[in-house]
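Throughout, protein chains are lettered first and strands after them, A, B, ... in sequence-line order, and every chain is numbered starting at 1.
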Number of protein chains: 2
Amino acid sequence: MSTRREAVRQALTESSGFRSAQDLYADLRADGSKIGLTTVYRALQALSDSGEVDVLRTDDGEAVYRACDTESHHHHLVCRTCSTAVEIEGPAVERWAADVGAKHGFSGVTHTVEVFGTCGPCSLRSAQQGSAQQV
Amino acid sequence: MSTRREAVRQALTESSGFRSAQDLYADLRADGSKIGLTTVYRALQALSDSGEVDVLRTDDGEAVYRACDTESHHHHLVCRTCSTAVEIEGPAVERWAADVGAKHGFSGVTHTVEVFGTCGPCSLRSAQQGSAQQV
DNA sequence: ACCAGTTTTGACAATCATTTTCGTTTTCGT
DNA sequence: ACGAAAACGAAAATGATTGTCAAAACTGGT
């Protein structure tokens, strides 16, 4: 684990939400690091390969990453405004997905489940003013 | 509903699986159409805006589309090999997602749920030979 | 059939995230 | 300290998607 990769992991850990490679690159540069964009991509690739970070795709296809507390299988409840995420489990959903696959004769069944919404703080904020803010 | 858009919808309907804009463009051109790539993208945009087709993102961020039988909320069981999809419903999952969101104080809760696997025919095919085939 | 205005189209350029390339710098073992 | 291997980063390449803009097709009224 090189210093650079550690820096990327660190930057990711400081956020409770999902961040894109470009975001992290900007953060790191803003903190004075001389890291290159390529390295950020490589670090994220390695971290997600090893299962240390979770990846998902935004609606416009951008990959976003998150350093989760657990490396075991789980899903996320993600705020659409600030991107903060809560790790959630759903044994019932796991079972359901496996059953559905089996019922239709599919093998090697996996699934993706993400829940989106507006978190409490962001709801309040947008109710008071008219503008949403990105954290 | 212009002729071009209709042609795109038609091309999509002829497949039981998810297709990318580039795929559809290739199909249409192969059938002799003089349609442009830009138009295919525009048609898909319009069709998905109006809810006539479903969209999802592949692991590498490419958008893929499908003309589903129903326009009501549903999920998919998708074959990883041939991309054929089965429309599925899961009342339990709907409820679970809404509950999870509410429990954490999130509002406007939505969710994405997709199940992946290898369909029966594709399983057989890859068991017999070593090569997988794209339909 | 004809015209003026609107809509649709498609070739091409522009974007933008991500990946490759490739020479340079670091790290490590000895 | 020395050389091989791994990590870096700047710049170019890639590939899907979107923006631009002039030409083509379609519209309703005549």
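Crowding of B:E89 atom CD: a count of heavy atoms from other residues, nucleotides or ligands under 6.0 Å not exceeding 12.
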- Task: Do nucleotides 7-19 of chain C as a string where each nucleotide becomes B, S or -: B if the base has a protein heavy atom under 4.0 Å, S if just the sugar-phosphate does, - if no protein is that close.
- Result: -SBBBB----SBB
Cut-off 3.5 Å, no hydrogens considered: what does the side-chain donor-acceptor table look like for residues 33-46 of chain B, sequence neighbours left out?
unit_1 : atom_1 : unit_2 : atom_2 : d
B:S33  : OG     : B:I35  : N      : 3.1
B:Y41  : OH     : B:Q22  : NE2    : 3.0
B:Q45  : NE2    : B:D49  : OD1    : 3.4

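Atom C1' of nucleotide D:dA7 and atom CG of A:L47 are separated by 14 Å, given to the nearest angstrom.
Using a cut-off of 4.0 Å between Lys/Arg side-chain N and Asp/Glu carboxylate O, B:D59 and A:R57 are scored as not salt-bridged.
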- Item | Criterion side-chain contact (heavy atoms from CB on, under 4.5 Å) on B:R9 and B:E14, from CA distance to verdict | CA-CA 9 Å; B:R9 189 214 308 277; B:E14 282 167 7; over 6 Å; no
- Message: Working note: B:L12 + B:R66, criterion side-chain contact (heavy atoms from CB on, under 4.5 Å); need CA distance, chi angles, decisive distance, verdict.
- Response: CA-CA 6 Å; B:L12 198 50; B:R66 182 175 196 272; 5.5 Å; no
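Looking only at side-chain heavy atoms (C-beta outward), B:D54 and B:H74 come within less than 4.5 Å of each other. Using a 4.5 Å heavy-atom threshold, the side chains of A:P121 and A:R125 count as touching.
Annotation: the span from A:E52 atom CD to A:R5 atom CZ amounts to 8.0 Å, rounded to 0.5 Å.
Across the helix from C:dA1-D:dT30 to C:dT30-D:dA1, the helix axis at one end is tilted relative to the axis at the other end by 30° (nearest 10 degrees, each axis from five pairs).
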